[in-house]
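Following: one structure in structure tokens, then a few remarks.
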Protein chains: 2
Amino acid sequence: MARRKDHTHEQIRSLAIEAVLAHLQQAPASDMSLRKLAQQLGYSPGTLINVFGSYDLLLLSVNAHTLDQLAAHLPSADLASTEPTELATLEHTHLRLLALASAYLDFARQHRYQWQLLFDHRLPEDEALPVWQQQRISDLFAQLEALLAACSPRASAGECQRAARTLWASVHGICVLSLSEKLFTSEVDDGPAMLASLIQHYISAWHQAHKEC
Amino acid sequence: MARRKDHTHEQIRSLAIEAVLAHLQQAPASDMSLRKLAQQLGYSPGTLINVFGSYDLLLLSVNAHTLDQLAAHLPSADLASTEPTELATLEHTHLRLLALASAYLDFARQHRYQWQLLFDHRLPEDEALPVWQQQRISDLFAQLEALLAACSPRASAGECQRAARTLWASVHGICVLSLSEKLFTSEVDDGPAMLASLIQHYISAWHQAHKEC
DNA sequence: CACAAAATATGAACACCGTTCAAAATACAC
DNA sequence: GTGTATTTTGAACGGTGTTCATATTTTGTG
């Protein structure tokens with residue numbers, strides 16, 4: 001057999017990724033398989049391996065797409081409409097952090113299995129994770145650190161970095177447990193309220209600690 | 001063939017769980033399989049399925065063991081040696097929460113793959129998770145809520161519950177990301193420092209908010 | 001002690017999985 | 001047209017968890 005040329009490799013990439021994303025709207029990644037996907041696309045498993053290199057790399061490409069989608073889902077800074085004086089207030093930082101965290105949780109809830117794949121998929125070895133992923137993540141953290149720095153100018157860059165990481169790891173933990181229902185049993189899980197509690201308390205104390213005195 | 005009676009079912013359970021735990025000290029659960037495990041024990045795969053019901057249930061039993069181990073690893077309250085007056089102080093609550101969180105992180109680091117299995121292993125359906133698991137988890141949370149309640153008597157039970165959950169979800173998130181190295185790239189991950197930052201700031205603001213005024 | 005009956009470990013079989021690879025079929029250059 | 005290079009394919013491989021009839025051992029009974 002040979003080149004059907006129904007689609008270019010790039011088209012096959014897109015088709016495959018779209019198909020996986022569609023599947024992840026309704027079922028976890030563990031219910032998908034290379035063979036099922038290939039059959040659904042009308043190609044053989046080997047073709048997909050030719051295109052992506054391996055099934056693992058295919059899922060990694062899906063994760064790349066998810067990261068872009070997630071970045072687009074987070075509210076952007078909108079620096080134009082905010083006064084520099086207002087920008088530095090505790091209130092503004094508080095609201096913006098809450099907006100970011102809420103959007104993060106919202107995305108996780110809306111694309112549950114897609115979001116889980118992002119963190120469930122472990123690389124074969126702990127072979128360094130791709131640069132694009134690294135870049136997107138540090139972009140997000142740069143935002144957070146800038147927010148904290150603007151709010152509390154007396155805090156050092158190192159302190160801002162640690163606070164940003166602490167805060168986001170916490171936000172992430174709340175999202176994980178809010179979705180997995182593994183820790184908070186049966187009862188209503190109130191993710192938004194937990195996010196609000198975390199950010200309100202953490203930021204307020206952080207701001208207090210770095211006040212000029 | 002039939003009953004060799006080298007071991008009782010209960011003994012096989014223990015042997016299997018111990019073997020999996022030993023494996024998890026050095027490699028993730030995905031590197032283990034029912035067949036490998038059976039061969040290692042000198043039994044057939046079918047026997048293990050007879051004993052445990054399925055491979056999934058076998059792993060669930062491992063998780064049960066892990067939860068017990070984890071509970072034993074956390075520092076106990078030691079109520080006898082603390083004065084009631086001291087018990088209610090902010091400082092005491094702060095230290096105790098930090099001790100609990102640090103022990104949690106320590107366990108996760110020391111038994112990395114075992115700890116990951118605890119959260120990676122998803123039940124077939126979201127069929128209610130076992131009661132024993134539910135019990136142990138609520139025991140931990142009862143401790144946390146009691147701590148918070150003792151520290152801030154003016155806080156309602158509902159507020160204590162939310163705070164306990166928020167706090168522990170955050171601690172969990174820090175542990176997850178500290179181990180996975182998926183978010184904080186390449187650089188030193190300072191789990192303990194993040195835990196300290198989280199607890200110090202959150203508790204201080206929480207205490208402030210529920211002061212009598 | 002012998003024999004029947006219950007219990008149970010087994011291994012072959014099944015349906016999947018991701019991956020490899022020689023061969024076949026197409027596309028392209030001349 | 002012809003020849004060559006390219007690419008899809010399907011069969012095969014070794015792996016997975018699970019099922020089940022069978023063979024064997026233990027147990028209960030006469």
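We use all heavy atoms of the structure for the numbers below, so side chains are in, but hydrogens, waters and symmetry mates are not.
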Here the salt bridge (charged side-chain N to carboxylate O under 4.0 Å, His left out) pairs for residues 57-76 of chain A, sequence neighbours left out, are A:Asp68-A:Arg136

note: A:Phe52, atom CZ; C:dG18, atom C1'; distance rounded to Å ~ 15 Å

Q: State whether A:His9 places a side-chain N or O below 4.0 Å from either non-bridging phosphate oxygen (OP1 or OP2) of D:dT8.
A: yes

Separation of C:dA25 atom C1' from A:Asp6 atom CG, nearest Å, is 14 Å

In whole angstroms, the gap separating C1' of D:dT8 from CD1 of A:Ile12 amounts to 9 Å

B:Arg96-B:Gln143 side chain donor-acceptor pair, cut-off 3.5 Å:
yes

For this session: Would you indicate, yes or no, if C:dT10 has its OP1 or OP2 atom less than 4.0 angstrom from a side-chain nitrogen or oxygen of B:Thr47?
Result: yes

Atom CG of A:Leu58 and atom P of C:dT19 are separated, to the nearest Å, by 10 Å

5'-most contact on DNA chain C (nearest-nucleotide basis), A:Gly53 vs B:Asn50, goes to B:Asn50

TODO: Look at the aromatic rings of A:His201 and B:Trp206 and report parallel, tilted or perpendicular, splitting at 30° and 60°.
DONE: perpendicular

Rounded to whole Å, the CD-P distance (A:Gln39 to C:dC16) equals 10 Å

The complete set of salt bridge (charged side-chain N to carboxylate O under 4.0 Å, His left out) pairs with one or both residues in residues 143-152 of chain B, sequence neighbours excluded, reads none

query: Do B:His23 and B:Tyr113 meet the criterion of a side-chain donor-acceptor pair at a distance under 3.5 Å?
result: no

From CG of A:Leu37 across to C1' of C:dC17 the rounded distance in Å is 14 Å

Just the atom pairs and distances: protein N or O near nucleotides 15-17 of chain D's N or O, under 3.5 Å.
from, atom 1, to, atom 2, distance (Å)
D:dT16, OP1, B:Ser33, OG, 2.8
D:dG17, OP1, B:Leu34, N, 2.7
D:dG17, OP2, B:Leu34, N, 3.1
D:dG17, OP2, B:Arg35, N, 3.3
D:dG17, N7, B:Arg35, NH1, 2.3
D:dG17, O6, B:Arg35, NH1, 2.9

Sidechain N-carboxylate O distance under 4.0 Å for B:Asp120, A:Arg122:
yes

